[in-house]
Undergrad: 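Have a look at the structure that comes next, please.
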Amino acid sequence: MLPELREKFAQIVGEANALSAPDMIESYLTEPRELFGGLTPLVLRPATREEVAAIMKLANETGTAIVPQGGNTGLVGGQQPDRSGTQVIVSLSRLNKIRNIDISANQITVEAGVILQNVQQAAEEVERLFPLSLGAEGSCQIGGNLSTNAGGTGVIAYGNARELCMGLEVVLPDGRILDDLRTVKKDNTGYNLTNLFIGAEGTLGIITAAVMKLFPRPRGKAVAYVGLKTPAEALKLFTLAQDKAGSMLTGFELIASLAMAATLIHNSQIRSPFDGGASAHEWFVLLDISSTRSDEEARNLMEEILGQAWEEEIIDDAVLAANRGQEKDFWTLREQISPAQKIYGAEIKQDISVPIPSIPDFIREANADVEKMLPGCRIVCFGHMGDGNLHYDIAQAEGDDSQEFLSHWKEVSHHVHALSMRYRGSFSAEHGVGQLKREDLVYFKSPVAVDLMRSFKRLLDPKGIMNPGKML
Ligand SMILES: Cc1cc2nc3c(=O)[nH]c(=O)nc-3n(C[C@H](O)[C@H](O)[C@H](O)COP(=O)(O)OP(=O)(O)OC[C@H]3O[C@@H](n4cnc5c(N)ncnc54)[C@H](O)[C@@H]3O)c2cc1C
């Protein structure tokens, strides 16, 4: 990058927030999967939407590629520059103000760089719930959550980031500011522009603020682990639980024995709810029920569901958490699967969704195919069954050569993705497309859909400066 151009960018944010020294920019180039780390001449840290707008105006005039970055927790490389060393990172971390909380409307207006956990805390302080919750919540930002349309554990009851968002403020690639911070539920005045930027992974503009929905804070909870034989039984349990609990059903996670074993082996301080540990049953379900009234209401409902499931021989065993501490432990056992599964060695990971009634058939078919393709592999399947999302991860056979195993990634992943698409599901349920799934996007989406996406991109970003090389 020419020194004069660097100087102009630095003037917008101040020299202290224009980082080029290797030790200062290292953390912006290190990402969770260690697959996509790129190079950059400059990291800019604007503090206001006006600074973001000025950066984009200059980038547009000079044809400088910009990569928006939130908490840098994305799993598909969308927040990383390429290796050309020409793409400038714009970090949103300093846009970290909560602009407004309105408890009568149940809404919170936040800047894009506010960390998800801080939004949850701000809601809690006014006796409300912000239900978006995921493993990276201590570092990911609301702008990143919206740009990836993040999901997590609460989607079953509250929806994903898109469904939690009322409106956005966005800086367009030419530096104009779109103020679409709508707070009204009813507004039928043309295209929903906000929706275009949610899940766009920073390819159409930079989100600078959002109006998000809040909910009444649950005052009661009941959490249980259930052991059962097959995903087909889990589906029966889900149908029953939904029927009885309706919107009070706030978690329904399916966990294969091998997935639970990973957490238990990796974290010796986490205990199994069952005497036989992870081998007590082939499959487990984590059930979570919330009540806005009391623990008693939640527990009664849970007991009713489990009682009927037992009578109908859907479940083989159930353990109800006795107190808040145990409820937390039950969730930790589920949430620690992702980091723990590395004990199995190299893995080929898929984040797919299929319609909920198809989950048992999908798992059966996928297991049979994958075991044929990779004899001896270990399938670590778990996920948010209540919203159709499965993390269908495949670990190498014990003693296999990791590099040889990983050389099958493309072929095996493509097969699993194709299967999920055959069930009219998705090849990327939560994590997005980024750099990892660009080929899949073109392969699996209809040509009409891809054409429309490219048209929107050209319309908003004719110079192709907004996060190039991602998604499309
Ligand atoms: C341990 C762990 C657990 C996870 N669990 C889940 C989960 O349960 N569910 C789930 O959905 N995801 C999960 N994720 C991945 C998820 O995508 C991210 O955690 C999160 O949503 C991304 O937010 P971020 O601020 O880190 O964004 P980043 O990683 O910085 O960026 C992600 C994408 O959004 C773009 N972007 C970021 N900020 C902006 C902005 N303000 N305007 C425009 N574009 C922007 C980037 O360019 C990039 O394309 C997990 C990740 C980890 C590491």
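Worth saying up front: this structure is predicted, and the values here are computed from it rather than measured. Just so you know, residue 1 is the first one in the sequence shown, and it goes up from there. Read the numbers this way: they start at 1 and go in the same order the structure lists the ligands and their atoms.
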Undergrad: Where is the nearest protein heavy atom to atom 33 (C) of ligand 1: which residue, which atom, and how far?
TA: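 Closest protein heavy atom to atom 33 (C) of ligand 1: Thr148 CG2, 3.7 Å.
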Undergrad: Using heavy atoms and a 4.0 Å limit, tell me yes or no: is Gly434 in contact with ligand 1?
TA: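 So Gly434 does not count as touching ligand 1.
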Undergrad: Hey, does Gln69 sit under 4.0 Å from ligand 1 if you only count heavy atoms?
TA: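 In this structure, Gln69 qualifies as a contact of ligand 1 - some heavy atom is under 4.0 Å.
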Undergrad: Quick check: does Ala150 get an N/O under 3.5 Å from an N/O on ligand 1?
TA: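 Looking only at distances, the answer is no, because the N/O contact criterion of under 3.5 Å is not met.
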Undergrad: With a 4.0 Å cut-off on heavy atoms, is Gly205 in contact with ligand 1?
TA: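 Gly205: in contact with ligand 1 (<4.0 Å).
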Undergrad: Under 3.5 Å, is there a donor on one side chain and an acceptor on the other for Thr194 and Asn192?
TA: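 There is no such pair between these side chains.
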Undergrad: Regarding Gln350 and His391, do their side chains bring together a donor and an acceptor under 3.5 Å, going by distance alone?
TA: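 Result is no, nothing qualifies.
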Undergrad: Students should be able to answer this: which protein heavy-atom is nearest to atom 29 (O) of ligand 1, and at what distance?
TA: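 Sorting protein heavy atoms by distance from atom 29 (O) of ligand 1 puts Gly74 N, 2.7 Å first.
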Undergrad: Looking only at the side chains, is there a donor atom on one of Gln80 and Gln435 sitting less than 3.5 Å from an acceptor on the other?
TA: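 No, because no side-chain N or O of Gln80 sits under 3.5 Å from a partner of the opposite role on Gln435.
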Undergrad: How far apart are the closest heavy atoms of Leu264 and Leu333, and which atoms are they?
TA: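 Taking Leu264 first and Leu333 second, the nearest heavy atoms are CD2-CD1, 3.7 Å.
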Undergrad: Without hydrogens or angle criteria, can the side chains of Gln87 and Asp82 be said to hold a donor-acceptor pair below 3.5 Å?
TA: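 Note: Gln87 and Asp82 side chains meet the donor-acceptor criterion.
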Undergrad: Determine whether any heavy atom of Ser338 lies closer than 4.0 Å to an atom of ligand 1.
TA: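 Distance cut 4.0 Å: Ser338 fails for ligand 1.
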Undergrad: Are side-chain N/O atoms of Asp102 and Gln107 paired as donor and acceptor at under 3.5 Å?
TA: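 No, no side-chain donor-acceptor contact under 3.5 Å.
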Undergrad: With a 4.0 Å cut-off on heavy atoms, is Leu92 in contact with ligand 1?
TA: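 For ligand 1, residue contact (heavy atoms, under 4.0 Å) with Leu92 is present.
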Undergrad: Do Thr30 and Glu26 get their side chains close enough for a donor-acceptor pair, meaning under 3.5 Å?
TA: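 Side-chain D/A pair, Thr30 to Glu26: absent.
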Undergrad: As a check for students: among Gly78, Gly70, Ala136, identify the option with a heavy atom nearest to atom 48 (C) of ligand 1.
TA: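 The nearest heavy atom belongs to Gly78.
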Undergrad: If you take the nearest heavy atom of each of His391, Glu137, Gln141, Glu430, which one is closest to atom 9 (N) of ligand 1?
TA: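 Looking at heavy atoms only, the winner is Glu430.
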Undergrad: How far is atom 35 (C) of ligand 1 from its nearest protein heavy atom, and which residue and atom name does that atom have?
TA: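 Of the protein heavy atoms, Ser147 CB, 3.7 Å lies nearest.
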Undergrad: Any idea which of Gly202, Pro68, Gly138 brings a heavy atom closest to atom 46 (C) of ligand 1?
TA: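 Answer by nearest heavy atom: Pro68.
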Undergrad: So which of Ile198, Ile206, Ile207 gets nearest to atom 41 (N) of ligand 1, if we judge by its closest heavy atom?
TA: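 Among Ile198, Ile206, Ile207, the closest heavy atom to atom 41 (N) of ligand 1 comes from Ile207.
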Undergrad: Run the side-chain donor-acceptor check on residues 442-455: report pairs under 3.5 Å with partners two or more places apart or on a different chain.
TA:
unit_1, atom_1, unit_2, atom_2, d
Ser446, OG, Ala449, N, 3.0
Ser455, OG, Asp451, O, 2.8

